[in-house]
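Report on the structure given below.
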Amino acid sequence: MNTARTVKRILITATCLSLGLLLSACSVWLSPPAASEPTETPSSTAGIVNVPTPTEAILKGTVSIWHGWDEARLPGLLKAIAAFQEQYPDVVFDVQYVPLIDLKANFETASSEGSAPQVMIGPANWGPDLFDQGWIADISGSTPVELIETLNPPAVGASRYKDALISLPVSIEGVVLYRNVNIIPDKAATFDDLVSMARQATGSDAVGAYLERSFYFSGGHLDGLGGSLMDSEGYPAFNNEYGLLWVDLLRKFALAGPTEFFGDNDLQHFVENRAGYIIESTRQRNRLVETLGAPNVSIDPWPITQDGSLSGYVEAEAVYLSPAALDPSNRAATEFILTLLSPESQAAFAEGGAIPALSAAAVFAPGSLISIQDELIREAMIALEDGATYPVVPAMAYYSAPLDIALQSIFFDGVPAEEALQTAEESIQAALQAAISGSQRPAAQNP
């Protein structure tokens, strides 16, 4: 095997885990990879997590995991492992860190060589390509329906492909509506309220709203209005009355203040305390809190309109199983991935800055076992509950550019919406047909 793989192995002492994973006092070693065969499962116990308890063993074996989580996220994974081993002390874990930039390629290579881990944690948009290659399993038969019902619905949508459940979401990100509390003190229930409040707050030093119209940041509104980007086969479904409603809503953004198109002016105004509302990714929340202070930043539920509501795309970080992990003789990996979605594990992930994949309804219901201390994470969960699944199917690679061109032509060049959407549909259809005739397959796309 000549493939270079940057892999670090985690060596965790049982004492460390039993003391609550206090990493500052733990013996946690991030070792450099071996010079040869760095990703093959070793015959020794190096990298194995084993916490003995008196609990009667039901499951046995080794669960191998590859992930790309940083030091902030890692404690949550270790807590989930420790909790699992309290119940199943005869299960041990081989946990490897692989930089996210290398993770998918390394997993594919290892799968082709028969040395893939049983569990991999990575972006949900990798799933369709891995599934079509046969490297990940359909886990619908081993995942309780009751568990799926507790998860964020748009995130689960990113786990479904070809009538299969190819992953489970463990955390989420997405497009949300941020509000600067200094400028706009109260939430807007409707889009008309948002426009009114933004106009009242606009002055010489600040604008009440600076809303984004580019496709990634605005495409979710199409779903919120009752429309759909594509049909079940991946072909365009936006060139209709719902698409026109979508464009009309984006046109009305100008009533609230200046608009942005895939630039940073809106974000810059917000961090400089000069914009009341912006539409941005949850990945920016730490930056906004650092510059404005946590009490001054809010993520609001999407306002409603007479035709539906605004909405934002939801993306998921997913856990995958290799086909070998479904072997009935070794159910440890199958059972473990369900542990990652327990209230306790999800709360631990939130402590590391992740937005839990559990639905807001499940988390904030009376008697819930999970407590989220970060108010912005709580607000993000509520907002993303009403989000839209960012399509992860291969066809999605052909949508973003034509739709951005269409929106630009409408708002900058005055092209009629009907004509712009028709042109976008024709462009996407042509690309899809070329891909089919040429047996081309687009790579997984990050927005």
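Positions are given from 1 along the sequence.
- Between W246 and F215, the angle of the ring planes goes over 60°, which puts this pair in the perpendicular group of the 30/60° scheme.
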Kindly indicate, with the supporting measurements, whether the criterion side chain to side chain donor-acceptor pair (under 3.5 Å) is fulfilled by N180 and N273.
-> CA-CA 7 Å; N180 185 328; N273 211 32; 2.7 Å; yes
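- Side-chain contact check for F84 versus E335: some heavy-atom pair is nearer than 4.5 Å.
- Residues N106 and V98 share a closest heavy-atom pair of ND2-CG1, 3.5 Å.
- Contact check on D300 versus R179 returns a salt bridge, with a Lys/Arg side-chain nitrogen under 4.0 Å from an Asp/Glu carboxylate oxygen.
- The closest donor-acceptor contact from the side chain of E344 to the backbone of A80 lies at 3.5 Å or more, if one exists at all.
- With respect to R378 and E375, a salt bridge is recorded, a charged nitrogen being found less than 4.0 Å from a carboxylate O.
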Please walk me through it: do D132 and Y161 pass side chain to side chain donor-acceptor pair (under 3.5 Å)?
-> CA-CA 10 Å; D132 284 343; Y161 178 63; 2.7 Å; yes
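- With contacts defined as side-chain heavy-atom distances shorter than 4.5 Å, the pair Y399/P236 qualifies.
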Run the numbers on R160 and L165 for side-chain contact (heavy atoms from CB on, under 4.5 Å), then give the verdict.
-> CA-CA 5 Å; R160 299 192 184 279; L165 184 69; 4.1 Å; yes
Start with the C-alpha gap between L376 and V289, add the side-chain angles, then the distance that decides, and say whether side-chain contact (heavy atoms from CB on, under 4.5 Å) holds.
-> CA-CA 9 Å; L376 213 55; V289 167; 3.6 Å; yes
Let me see the working for L340 and L77 under side-chain contact (heavy atoms from CB on, under 4.5 Å), right down to the final yes or no.
-> CA-CA 8 Å; L340 299 178; L77 177 60; 4.1 Å; yes
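- Aromatic ring pairs are classed by plane angle as parallel below 30°, tilted from 30° to 60° and perpendicular above 60°; the pair Y216 and Y390 is perpendicular.
- The environment of D231 atom CG is dense: over 12 non-hydrogen atoms of other residues, nucleotides or ligands sit within 6.0 angstrom.
- Between S342 and S345, the side chains place a donor N or O and an acceptor N or O closer than 3.5 Å (distance only, hydrogens not considered).
- T305 and D307 are not linked by any side-chain donor-acceptor pair at a separation below 3.5 angstrom, with hydrogens and angles left out of the test.
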Using the side chain to side chain donor-acceptor pair (under 3.5 Å) rule, take E317 and S171 through it: C-alpha gap first, then chi angles, then the decisive distance, then the call.
-> CA-CA 5 Å; E317 181 179 43; S171 67; 2.7 Å; yes
Give the C-alpha distance, both sets of side-chain angles, the deciding distance and a yes or no for side chain to side chain donor-acceptor pair (under 3.5 Å) between Q373 and S371.
-> CA-CA 6 Å; Q373 302 301 316; S371 176; 2.7 Å; yes
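- With hydrogens and angles left out, the side-chain atoms of S142 and T334 include no donor and acceptor closer than 3.5 Å.
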